[in-house]
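Note on naming: letters A, B, ... go to the chains in the order of the sequence lines (proteins, then strands), and numbering restarts at 1 for each one.
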2 protein chains.
Amino acid sequence: MSAVSKGTDETVATSDRAGQEIFTPHDHAACVSNSFAAAEARCESGKVRLTENRRRVLDLLLEEHRPMGAYAILERLRAIGYSAQPPVAYRALDFLMEKGLAHRIESLNAYVACSNPENCTNPAFLVCQVCDRVAEAQADDRPSAAALAAGKIGFEIEQEFREARGTCPSCTNKA
Amino acid sequence: MSAVSKGTDETVATSDRAGQEIFTPHDHAACVSNSFAAAEARCESGKVRLTENRRRVLDLLLEEHRPMGAYAILERLRAIGYSAQPPVAYRALDFLMEKGLAHRIESLNAYVACSNPENCTNPAFLVCQVCDRVAEAQADDRPSAAALAAGKIGFEIEQEFREARGTCPSCTNKA
DNA sequence: TTCAGAGTGTTATGTTATAACACACTCTGT
DNA sequence: ACAGAGTGTGTTATAACATAACACTCTGAA
């Protein structure tokens, strides 16, 4: 298994992290190596390991660079010659999410690799309903509407989900 | 079928719409009549009808006042003597969501009655992971982090999902 | 009165996720 | 060396959530 992408649209790097790198060419090889570097770093300290299975799933997510359902991941794993029952995918995904290397897109029941694992605290996702890609944006530092409401009533937030469905710029232009 | 609640915790009305009415006593009978009034109003103009099925499902959601899975709804429908296959629930829920009378909680795969159907545009949901209730807050008028990111890259947002998982005040106090 | 559109009933199936249990691997302390 | 704890895997089975498809009924307008 190679930690390497499919080789499409990975020519131009962008520095802005507003999310457009997903909908336009970007330095995908860097994505991959960043992500694996972060993954290894996060396993150094603890007792957990970046095992073969977990690598493979991370690799698939990075390669696709778009949300994948757990069963799509399983199919791919089988295609490359591994036996894989559902728990295999879910365990790997749980690990990756726990370590901040992947995110669940609630509105799609699907999973994506984190596009910025070094610096990912409050991601918001822009989900293109045409091409099915997802851009990950870092939320700004203003408290969200949910956080404000929570503060008012003494609700303690543990995790926020922010997702938006719509049409990405390149699909808008095609239409 | 009565458009009436179970009769618990429905004593004190609150006027603030920050969401606390879900986690504290409130005038539940008013909820119910507001919701049915809105439902009827939204059927006046069009060709669609607030049919028995749709009434029943709305009534159940209002009665529970917490998220219900589609299959929980089906169980309840059967319990009160109606045959009900999955499409029955999903069709009613689709209708209610289309008319803004119910919302889907993506992170739970569940549905709640809208707590403020007259004035509901950008709801954010606070989901208590202990008691399983959901408060619905109206988002403020600031653009969300997602909207800002979207604006920057020309992504056209159609719908936003804002959900937060955490612990509600009364469950925090019990702990 | 008939026709179109809206809604229902039903069967079957597709999709997503987890429980549970036996086993294997890898450290660590002795 | 090896026992024990903790971590991870393999596998079977099943739970939970959602939709496709088709025949039928109802209602209101032409």
In a table with atom names and distances, give each donor-acceptor pair under 3.5 Å that connects a side chain of residues 101-110 of chain A to protein atoms at least two apart or in another chain.
{"residue": "A/H103", "atom": "NE2", "partner": "A/E136", "partner atom": "OE2", "Å": "3.1"}
{"residue": "A/R104", "atom": "NE", "partner": "A/E106", "partner atom": "OE1", "Å": "3.1"}
{"residue": "A/R104", "atom": "NE", "partner": "A/E106", "partner atom": "OE2", "Å": "3.4"}
{"residue": "A/R104", "atom": "NH1", "partner": "A/Y111", "partner atom": "OH", "Å": "2.8"}
{"residue": "A/R104", "atom": "NH2", "partner": "A/N109", "partner atom": "OD1", "Å": "2.8"}
{"residue": "A/S107", "atom": "OG", "partner": "A/E163", "partner atom": "OE1", "Å": "2.6"}

Residues touching DNA chain D, which here means a heavy atom under 4.0 Å, drawn from residues 84-108 of chain A
A/Q85, A/P87, A/R91
Taking the nucleotide of DNA chain C with the closest heavy atom to each, which residue, B/N109 or B/R49, is nearer the 5' end?
B/R49
Please work out whether the ring planes of A/Y90 and A/Y71 are parallel, tilted or perpendicular, with thresholds of 30° and 60°.
perpendicular
If you define the side chain from C-beta out and look only at heavy atoms, does anything of A/L77 sit under 4.5 Å from A/I73?
yes
Contact between A/L62 and A/F36 at the side-chain level, heavy atoms closer than 4.5 Å - yes or no?
yes
Atom-pair distance (CD on B/E52; C1' on C/dG9), nearest Å:
16 Å
Any carboxylate oxygen within less than 4.0 angstrom of a Lys/Arg side-chain nitrogen, looking at B/E40 and B/R55?
yes
Less than 4.0 angstrom between a side-chain N/O of B/S83 and OP1 or OP2 of C/dG9, yes or no?
no
Outermost contacting nts on DNA chain D, any atom under 4.0 Å from chain B heavy atoms, listed 5' then 3', are D/dC17 to D/dT27
Look at the side-chain heavy atoms of Ile, Leu, Val, Met, Phe, Trp and Tyr, link any pair under 4.5 Å apart, and say whether B/I153 and A/V130 land in one connected group.
no
How long is the gap from CG on A/D59 to CD on A/E64, to the nearest 0.5 Å?
10.5 Å
Do the side chains of A/S144 and A/E160 get nearer than 4.5 Å, heavy atoms only?
yes
